[in-house]
Protein chains: 2
Amino acid sequence: MAERVLDAAEGLVQQHGYSGFSYDDVARLVGIKKPSIHHHFATKSELVACVARRYTTRFGKQLDEIEAKQAEAPARLMAYAALFEQTFAKDRSLCVCGMLGAQVQSLPDEVTHEVSSFFRINLGWLTRVFSEGQRAKLIRSGRSSQSLAEMYLCALEGAMVVGRGVSSSRGPKQISQTLLSQLIVDR
Amino acid sequence: MAERVLDAAEGLVQQHGYSGFSYDDVARLVGIKKPSIHHHFATKSELVACVARRYTTRFGKQLDEIEAKQAEAPARLMAYAALFEQTFAKDRSLCVCGMLGAQVQSLPDEVTHEVSSFFRINLGWLTRVFSEGQRAKLIRSGRSSQSLAEMYLCALEGAMVVGRGVSSSRGPKQISQTLLSQLIVDR
DNA sequence: GTCTATATTGTGATAGAC
DNA sequence: GTCTATCACAATATAGAC
């Protein structure tokens, strides 16, 4: 049951953000009453912090899978963008931590900490991938791997936000293709 | 007075988003009581729609100024990024329409319309600038001007979101420099 | 674990006096 | 234009029965 609550809360965060959903919304989605939610997660801070932590953990596992399946940096970066595209393709859902990141000034510290952890892990992983790609001469080396990692992450998070705001938008996958085509060395 | 209300509401939207602030918050900021706000803006939808419309109008004027002051595409694109940097530099404020774009599923139609208008205007302007830059051989021509415009806007909006979520982030200006260095043709 | 009932506070919005 | 008073409702959270 606790997991079904987390699933419902995750979806609500992705669609409406921290202050945009209530315990009653969660209760309706899982089919129990509002006070029963409190039995599983005492406070909203705790609930959303758990949502963010689980999301980050799951994301981390997907990063491991990418490294296992894809050997080279360009393919890894494309697979990374596909993670964002999958999320976005489901009803234009936002990245949990992208949404929460935007609302950071309204969040309890407990949640803010989880959000920042998500971004640090992602920036670290991307930095390593870009760095390897540059060493293998598969990625242009004009800019530091840190800068490239940050730019790539920003573009993907931004693609989801802009994609929600305007119907003409192409989504994270297309943005990634445009970006990577400038960075990948031709062979 | 109506304008002071708009100023306060704009700041609150940038910090907390649509569902993250109340009429009472606005009232406290401008120093009058809650019902007096309703006198100037009957509903919250109307208030935030006006905030977004004024923001878009003001932004449009700044685009005109950039075109007047900067003759070439690269300089125009750098000046464009500086607009985002200015906003972000003030207490890590988000772009009004970036914040609202993230929360689009919780917005009244009236507001959604204004948000989409902001993005369409910006994408149109950027597309024209990239297109001119490519014609003048100042911008690489591997990708369509539409794709480049969308990528650039996404990266800047994303830079504000990510920059809020993680303290190590460098902000829109730095992201823009990394991106443009890949796109501008060396002379 | 789930429920009903309730406390407490906050919300957008209105009525009507000044 | 601003105020006090108030409405109707929704929010997070708790107490205590089953």
Side-chain angles (χ1 to χ4, degrees), chain A residues 1-54 96 99-100 103-115, chain B residues 1-54 96 99-100 103-115:
Chain A
M1 190 69 230
E3 218 165 307
R4 285 183 55 203
V5 171
L6 282 176
D7 291 339
E10 183 178 282
L12 286 165
V13 168
Q14 290 179 305
Q15 291 298 332
H16 305 285
Y18 187 84
S19 48
F21 80 100
S22 73
Y23 262 51
D24 222 21
D25 295 328
V26 180
R28 267 190 293 270
L29 276 176
V30 300
I32 59 178
K33 297 294 174 180
K34 187 166 52 159
S36 309
I37 309 293
H38 282 281
H39 172 76
H40 298 286
F41 300 93
T43 66
K44 197 181 182 183
S45 318
E46 190 194 321
L47 170 59
V48 177
C50 284
V51 165
R53 199 176 310 123
R54 188 182 69 153
V96 164
M99 176 66 91
L100 294 175
Q103 303 176 338
V104 113
Q105 302 270 15
S106 314
L107 299 181
D109 289 347
E110 195 179 0
V111 179
T112 307
H113 178 264
E114 296 299 330
V115 172
Chain B
M1 189 68 231
E3 217 164 308
R4 285 182 56 204
V5 170
L6 282 176
D7 290 340
E10 183 178 284
L12 286 165
V13 168
Q14 291 180 304
Q15 291 298 332
H16 305 286
Y18 187 84
S19 49
F21 80 99
S22 72
Y23 262 50
D24 222 21
D25 295 328
V26 180
R28 268 191 292 269
L29 276 176
V30 300
I32 59 178
K33 298 294 174 181
K34 185 167 60 158
S36 309
I37 308 293
H38 282 282
H39 172 76
H40 298 285
F41 300 92
T43 66
K44 198 181 181 182
S45 317
E46 189 193 322
L47 170 58
V48 177
C50 284
V51 165
R53 199 176 310 121
R54 189 183 68 155
V96 164
M99 176 65 92
L100 295 175
Q103 304 177 334
V104 111
Q105 301 269 16
S106 314
L107 299 180
D109 288 348
E110 196 180 359
V111 179
T112 307
H113 178 264
E114 296 299 332
V115 171

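Protein chains get the first letters and strands the later ones, always in sequence-line order, with residue 1 at the start of each.
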Item checked: 4.5 Å side-chain heavy-atom contact, B/Gln14 and B/Met99 -> no
Among the nucleotides D/dG1, C/dG1, D/dC3, whichever has the atom closest to the side chain of B/Ser36 is D/dC3
Ordered by number, residues from residues 12-35 of chain A within less than 4.0 Å of DNA chain C (heavy atoms) are A/Ile32, A/Lys33, A/Pro35
Problem - B/Gln103 side chain vs B/Tyr18 backbone, donor-acceptor pair below 3.5 Å - result: yes
Taken in chain and number order and not counting sequence neighbours, the residues that satisfy ring pair (Phe, Tyr, Trp, His ring centres under 6.0 Å) with A/Tyr23 are A/His38
The ring pair (Phe, Tyr, Trp, His ring centres under 6.0 Å) partners of B/His40 (sequence neighbours excluded) come to none
On the nucleotide D/dC3, are OP1 or OP2 found under 4.0 Å from the side-chain N or O atoms that B/His39 carries?
no
Across all chains, not counting sequence neighbours, the side-chain contact (heavy atoms from CB on, under 4.5 Å) partners of A/Asp7 are A/Arg54
Closest non-hydrogen contact found for B/Ser19 with B/Lys44 is CA-NZ, 4.2 Å
Below 3.5 Å, can you tabulate the donor-acceptor pairs from side chains in residues 27-34 of chain B to any protein atom, sequence neighbours excluded?
unit_1	atom_1	unit_2	atom_2	d
B/Arg28	NH1	B/Asp24	OD2	3.4
B/Arg28	NH2	B/Asp25	OD1	3.1

Of all heavy-atom pairs linking B/Glu114 and B/Ala49, the shortest is CG-O, 3.7 Å
Here the distance between atom P of C/dA13 and atom NE2 of B/His38, to the nearest Å, is 5 Å
Residues of residues 41-53 of chain A with a heavy atom under 4.0 Å from any atom of DNA chain C, listed by number, are none
